[in-house]
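These notes concern the structure reproduced below.
Heavy-atom basis, side chains included; hydrogens, waters and symmetry copies ignored.
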Amino acid sequence: MSDKGFVEKDEIFSKVLRAGRRTYFFDVRGTKAGDYYLTITESKKFTHDDGSYHYKKHKIYLYKEDFAAFKENLEEMIDFVINEKGEEVISERHQKDFKKETFAEDNDTLEEVTTEKFTDISFDDI
């Protein structure tokens, strides 16, 4: 039972967003009175050393009377993050298999530049 005093009913409309180890579920549900509300669930997979795993879930209940303010605040927060830090996910740089794709401009054609085209030089060679 939720904090609004009603039991969750079947989903009326649902969308799933898979994002790596996280999955987001967006579900429209109905109240006993026949109105709708939204639940947003984050499910994150955790794997144990023995190979077994479990999911940790967090759920937000969002009611119609809060939609406009929630949407406004969410858009403002997203715009702030993008304006301050851009769209690149900085944490990806710290993954051991990270390979950033960069391009060099050469007479109106673009060629991919990778670290494989460069020669490793040690200070002893100089």
Side-chain angles (χ1 to χ4, degrees):
M1 186 169 280
S2 76
D3 60 350
K4 286 282 189 177
F6 53 85
V7 177
E8 288 184 18
K9 294 192 174 193
D10 293 334
E11 291 101 16
I12 293 159
F13 181 67
S14 297
K15 301 267 308 184
V16 176
L17 172 62
R18 286 177 176 46
R21 292 185 332 161
R22 292 181 305 271
T23 302
Y24 299 99
F25 299 92
F26 300 86
D27 299 303
V28 174
R29 299 178 182 270
T31 66
K32 285 182 182 177
D35 207 353
Y36 291 161
Y37 66 100
L38 174 66
T39 62
I40 303 170
T41 307
E42 176 202 34
S43 178
K44 190 171 183 180
K45 184 176 182 179
F46 291 89
T47 305
H48 304 284
D49 292 338
D50 65 0
S52 65
Y53 58 88
H54 75 279
Y55 292 92
K56 199 178 252 188
K57 295 182 180 183
H58 299 93
K59 188 174 280 199
I60 296 173
Y61 292 83
L62 189 58
Y63 302 97
K64 283 175 26 181
E65 62 266 25
D66 303 322
F67 283 1
F70 187 92
K71 181 179 176 184
E72 184 179 311
N73 285 336
L74 180 61
E75 287 174 346
E76 183 179 346
M77 295 296 107
I78 289 171
D79 290 345
F80 176 83
V81 170
I82 299 301
N83 289 334
E84 292 291 316
K85 295 295 182 179
E87 294 189 25
E88 178 187 7
V89 179
I90 295 171
S91 61
E92 287 179 350
R93 293 183 199 160
H94 301 288
Q95 295 174 0
K96 60 184 169 184
D97 60 347
F98 176 71
K99 179 182 173 187
K100 182 178 171 86
E101 293 182 14
T102 57
F103 295 91
E105 193 169 333
D106 180 28
N107 297 344
D108 296 337
T109 61
L110 294 177
E111 78 176 78
E112 186 174 352
V113 175
T114 64
T115 56
E116 295 162 4
K117 293 185 179 183
F118 299 103
T119 305
D120 286 336
I121 299 175
S122 76
F123 285 109
D124 296 335
D125 294 336
I126 300 178

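Of all non-hydrogen atoms in Ile82 and Glu87, the two that sit nearest each other are CD1-CG, 3.6 Å. When all heavy atoms of Lys44 and Phe46 are compared, the pair lying nearest together is O-CD1, 3.5 Å. Here the closest heavy-atom approach between residue Thr47 and residue Tyr53 is recorded as CA-CB, 4.0 Å. Minimum interatomic distance between Ser43 and Tyr55 (heavy atoms only, all atoms of both residues): OG-CD2, 3.5 Å. In this structure, Ser14 and Asp27 approach most closely via the heavy-atom pair OG-OD1, 2.6 Å.
Grouping the Ile, Leu, Val, Met, Phe, Trp and Tyr side chains by contacts below 4.5 angstrom, directly or via other members, places Val81 apart from Val89. Under the 4.5 Å side-chain heavy-atom criterion for ILVMFWY residues, no single connected hydrophobic cluster contains both Met77 and Ile60. Linking Ile, Leu, Val, Met, Phe, Trp and Tyr whenever their side-chain heavy atoms come within less than 4.5 Å leaves Phe70 and Phe80 in two separate clusters. Taken together through direct or relayed side-chain contacts under 4.5 Å among Ile, Leu, Val, Met, Phe, Trp and Tyr, Phe25 and Val28 form parts of separate hydrophobic clusters.
By the 4.5 Å heavy-atom criterion applied to side chains, Phe67 and Leu38 are counted as neighbours. Between Glu75 and Ile78 the shortest side-chain heavy-atom distance does not fall below 4.5 Å.
Within 6.0 Å of atom CG in Asp49, 12 or fewer heavy atoms from other residues, nucleotides or ligands are found, so the atom counts as exposed in its surroundings.
The aromatic rings of Tyr24 and Phe26 sit tilted relative to each other, their planes meeting at an angle between 30° and 60°.
Judged by distance alone, with hydrogens and angles left aside, the side-chain atoms of Asn83 form a donor-acceptor pair with the main-chain N or O of Asp79 at under 3.5 Å.
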